[in-house]
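Report on one structure; see the data block that follows.
For reference, positions follow the sequence shown, starting with 1.
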Amino acid sequence: MNESKTKNLVGTGLCMALGLLLPQLFHAIGAGTVFLPMHIPVLLCGLCFGWQYGLICGVITPLLSSILTGMPPFFRWD
């Protein structure tokens with residue numbers, strides 16, 4: 001594996017971690033229902049590391065967040 005691919009994978013992992021932590025921080029201060037901070041690291045990942053890594057980050061981050069924290073809900077039966 002070459003060095004640039006490793007940097008892209010590590011950067012994508014960091015963006016995914018930020019995508020999990022930022023919503024928690026915003027909900028803790030009461031701004032989570034107004035502002036959607038999960039999208040910021042996903043967009044940065046796509047801009048910094050390419051659309052393929054941004055797509056991976058954009059698919060996996062909400063799934064992990066739903067499994068670990070319940071936000072966003074996976075299914076809503078309204």
Side-chain angles (χ1 to χ4, degrees):
M1 188 178 296
N2 66 24
E3 188 176 330
S4 67
K5 190 171 184 178
T6 303
K7 286 181 183 179
N8 289 344
L9 288 173
V10 170
T12 301
L14 288 173
C15 287
M16 289 170 58
L18 277 175
L20 293 173
L21 291 176
L22 276 179
Q24 296 295 320
L25 293 173
F26 274 77
H27 280 282
I29 63 171
T33 58
V34 177
F35 191 65
L36 300 172
M38 184 184 290
H39 301 295
I40 296 169
V42 173
L43 290 171
L44 285 175
C45 182
L47 289 172
C48 293
F49 305 115
W51 69 268
Q52 299 93 345
Y53 294 99
L55 178 68
I56 291 168
C57 185
V59 169
I60 293 176
T61 302
L63 291 174
L64 277 177
S65 180
S66 181
I67 291 168
L68 295 174
T69 65
M71 300 179 309
F74 193 68
F75 279 111
R76 289 184 70 175
W77 298 96
D78 291 340

Subject >> Minimum side-chain heavy-atom gap Leu9-Tyr53 below 4.5 Å >> reply: yes
Original post:
Mind checking whether Val59 and Leu64 sit in one hydrophobic cluster, side chains of I, L, V, M, F, W, Y counted as touching below 4.5 Å?
Top reply: no
Original post:
Between Cys57 and Val42, what is the shortest heavy-atom contact and its length?
Top reply: SG-CG2, 3.9 Å
Subject >> Separation of Cys48 SG from Leu14 CG (nearest 0.5 Å) >> reply: 11.5 Å
Original post:
So, for Pro41 and Gly19, which heavy atoms are closest and what is the spacing to 0.1 Å?
Top reply: CG-N, 3.6 Å
Original post:
In Å and rounded to the nearest 0.5 Å, what is the CG to NE2 distance from Leu22 to His27?
Top reply: 11.0 Å
Subject >> From CE (Met16) to CG (Leu63), nearest 0.5 Å >> reply: 9.5 Å
Original post:
Hey, what do you get for CE (Met38) to CG (Leu21), rounding to the nearest 0.5 Å?
Top reply: 10.5 Å
**OP:** Return yes if some donor-acceptor pair links the side-chain N/O of Ser65 with the main-chain N/O of Thr61 below 3.5 Å, else return no.
**Re:** no
**OP:** Could you grab the distance from atom CH2 of Trp51 to atom CD1 of Ile56, nearest 0.5 Å is fine?
**Re:** 9.0 Å
Original post:
Can you get from Ile60 to Leu68 by hopping between Ile, Leu, Val, Met, Phe, Trp and Tyr side chains that sit under 4.5 Å apart?
Top reply: yes
Subject >> Pairwise distance CG(Leu20) to SG(Cys15) - rounded to 0.5 angstrom >> reply: 11.5 Å
**OP:** Would you list the pairs meeting salt bridge (charged side-chain N to carboxylate O under 4.0 Å, His left out) in which at least one residue belongs to residues 38-51, sequence neighbours left out?
**Re:** none
Subject >> Residue list, side chain to side chain donor-acceptor pair (under 3.5 Å) with Ser66, at least two apart or on another chain >> reply: none
**OP:** Of all the heavy-atom pairs spanning Cys45 and Thr12, show the shortest one and how long it is.
**Re:** SG-OG1, 3.7 Å
